[in-house]
Amino acid sequence: MTTYLNTNKNLKPLIDNYEKYFFTLSETINLPKKWDQITAFEIEIKKSFIRGMLRYSENTLNILKFIKDYYDQNLIKSKDLNWITLPYPMIHLPNDLMEDGGFHYDETSKKNLFTCWIPITDYKYKALSILKFQSKILNKFFQLLIKTGICKYFSDHIEATKGSIFLWDGNQIHSGNRNISDIPSCAIQLKLVNQIYRFEQNKNISSNFDIENKNFKNLNHEQILHEFNLYRKYVELIMQNNSQINQKTKLEKILFTINKP
């Protein structure tokens with residue numbers, strides 16, 4: 001199935017709320033406006049925190065419900081798609097080398113798998129490169145195509161507007177492009193698939209889409225800082241050298257920190 005773009009006015013307010021929360025989180029914990037190698041580890045800690053807060057927020061649930069209902073009515077072979085993954089946020093700072101994934105395809109072993117990609121912000125650069133040709137036979141020579149660098153010469157370079165819906169199947173070779181603009185960008189991706197997708201969290205399309213953890217909601221400035229400080233403690237405990245603390249003690253400390261009132 002060829003990649004295509006669609007828009008829906010009912011999705012826009014959901015995306016606006018998601019974008020607003022993304023900026024609130026970024027500003028509250030001082031996520032840098034640009035990526036640099038010296039502070040790359042600190043940036044990744046902050047990005048991972050923001051991704052987690054976004055992914056389990058009510059905003060994500062609302063978008064998930066919309067995508068489930070929309071594609072249940074409009075997607076070709078939608079009756080064969082039994083599972084949907086929890087939308088995963090992707091944050092791209094200007095010149096962010098950590099987000100430069102190169103060309104790849106998502107899955108070929110499943111009969112029906114579709115990737116849904118939705119920009120949360122307006123991209124000021126061409127966000128995606130999609131190989132113009134698609135087939136399972138072509139994917140067998142994927143590594144050769146990568147080594148020769150030929151993919152970039154036979155790809156469509158896609159502009160992404162906030163709230164647009166992109167869709168492609170698991171055989172489509174594509175790449176997320178490096179952010180060459182001067183502002184951060186954010187998008188979410190999810191999978192619609194006929195079997196459980198082993199790489200991400202799944203929900204059965206026929207199940208109720210409710211918030212499983214009521215603590216994940218839009219938080220105010222003080223609450224965000226509190227959660228981030230706790231998160232930093234977890235990271236520091238995990239990163240402690242094994243020679244300084246054994247794994248059992250490390251786990252006990254992490255659990256104590258999590259359960260501490």
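Just so you know, these numbers use all the heavy atoms, side chains as well, and skip hydrogens, waters and symmetry mates.
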Peer 1: Not counting sequence neighbours, list each pair that qualifies as a side chain to side chain donor-acceptor pair (under 3.5 Å) and has a residue in residues 177-186.
Peer 2: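 Checked against side chain to side chain donor-acceptor pair (under 3.5 Å) - neighbours excluded - the pairs reaching residues 177-186 are Asp100-Arg178, Tyr125-Ser185, Ser129-Asn177, Asn179-Ser181.
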Peer 1: Give the C-alpha distance, both sets of side-chain angles, the deciding distance and a yes or no for side-chain contact (heavy atoms from CB on, under 4.5 Å) between Asn95 and Lys34.
Peer 2: CA-CA 7 Å; Asn95 199 35; Lys34 295 184 179 181; over 6 Å; no
Peer 1: For His174, what residues pass the ring pair (Phe, Tyr, Trp, His ring centres under 6.0 Å) criterion, not counting sequence neighbours?
Peer 2: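 Partners of His174 under the ring pair (Phe, Tyr, Trp, His ring centres under 6.0 Å) test: His104, Trp168.
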Peer 1: With Lys162, which residues qualify under side chain to side chain donor-acceptor pair (under 3.5 Å), at least two apart?
Peer 2: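 Once residues adjacent in sequence are excluded, the partners of Lys162 under the side chain to side chain donor-acceptor pair (under 3.5 Å) criterion are Asp16, Glu19.
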Peer 1: Does Leu131 reach the side chain of Ser155, with side-chain heavy atoms less than 4.5 Å apart?
Peer 2: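 Of all side-chain heavy-atom pairs linking Ser155 with Leu131, at least one is under 4.5 Å.
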Peer 1: If the condition is side-chain contact (heavy atoms from CB on, under 4.5 Å), which residues does Ala160 pass it with, not counting sequence neighbours?
Peer 2: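 Residues passing side-chain contact (heavy atoms from CB on, under 4.5 Å) with Ala160: Trp117, Pro119, Tyr123, Ala127, Phe166.
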Peer 1: Working to the nearest 0.5 Å, report the span between CD1 of Ile188 and CZ of Arg55.
Peer 2: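 Going from the CD1 atom of Ile188 to the CZ atom of Arg55 covers 10.5 Å.
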Peer 1: Taking ring pair (Phe, Tyr, Trp, His ring centres under 6.0 Å) as the definition, give me every residue that meets it alongside Phe199, ordered by chain and number, with sequence neighbours left out.
Peer 2: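 Phe199 satisfies ring pair (Phe, Tyr, Trp, His ring centres under 6.0 Å) with Tyr197 only.
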Peer 1: From Tyr234 OH over to Asn229 CG, what is the distance, rounded to the nearest 0.5 angstrom?
Peer 2: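 Between atom OH of Tyr234 and atom CG of Asn229 there are 11.0 Å.
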Peer 1: Please name all residues satisfying ring pair (Phe, Tyr, Trp, His ring centres under 6.0 Å) with Phe49, sequence neighbours left out, ordered by chain then number.
Peer 2: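 Checked Phe49 against ring pair (Phe, Tyr, Trp, His ring centres under 6.0 Å); matches are Phe228, Tyr231.
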Peer 1: Can you list the residues that meet the side chain to side chain donor-acceptor pair (under 3.5 Å) rule with Lys47, with sequence neighbours excluded?
Peer 2: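 Expected list: Glu44, Asp96, Glu99.
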Peer 1: Measuring from atom CE of Met98 to atom CZ of Phe41, what distance do you get when rounded to the nearest 0.5 angstrom?
Peer 2: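 One gets 10.0 Å once the value is rounded to the nearest 0.5 Å.
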Peer 1: Within the distance-only criterion (no hydrogens, no angle test), does the side chain of Tyr21 pair as donor or acceptor with the backbone N or O of Leu219 below 3.5 angstrom?
Peer 2: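 Here the side-chain-to-backbone pair exists.
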Peer 1: Not counting sequence neighbours, which residues clear side-chain contact (heavy atoms from CB on, under 4.5 Å) with Asn10? List them please.
Peer 2: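 Asn8, Phe66.
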Peer 1: Do any pairs count as a salt bridge (charged side-chain N to carboxylate O under 4.0 Å, His left out) and have a residue in residues 220-232, sequence neighbours left out, and if so which ones?
Peer 2: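 The answer is Glu42-Arg232.
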Peer 1: Among residues two or more places apart or on two chains, list those pairs meeting salt bridge (charged side-chain N to carboxylate O under 4.0 Å, His left out) that have a residue in residues 112-123.
Peer 2: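 Matches after skipping sequence neighbours: none remain.
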Peer 1: Calculate, to the nearest 0.5 Å, the distance between atoms CD and CG belonging to Gln223 and Leu225 respectively.
Peer 2: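 Separation between the atoms: 10.5 Å.
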Peer 1: Identify, with sequence neighbours excluded, every residue that meets side chain to side chain donor-acceptor pair (under 3.5 Å) alongside Glu159.
Peer 2: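 If we apply the side chain to side chain donor-acceptor pair (under 3.5 Å) test to Glu159, skipping adjacent residues, there are no hits.
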Peer 1: Do the side chain of Gln189 and the main chain of Ile118 share a donor and acceptor less than 3.5 angstrom apart?
Peer 2: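 Such a contact is absent between Gln189 side chain and Ile118 backbone.
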Peer 1: Please name all residues satisfying side chain to side chain donor-acceptor pair (under 3.5 Å) with Gln201, sequence neighbours left out, ordered by chain then number.
Peer 2: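 Applying side chain to side chain donor-acceptor pair (under 3.5 Å) to Gln201 gives Tyr56.
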Peer 1: Can you tell if the side chain of Leu31 reaches within under 4.5 Å of the side chain of Ile50, non-hydrogen atoms only?
Peer 2: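 Leu31 vs Ile50: side chains touch.
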Peer 1: Can any side-chain N or O of Asn202 pair as donor or acceptor with the backbone N or O of Glu200 at less than 3.5 Å?
Peer 2: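 Yes; at least one donor-acceptor contact below 3.5 Å.
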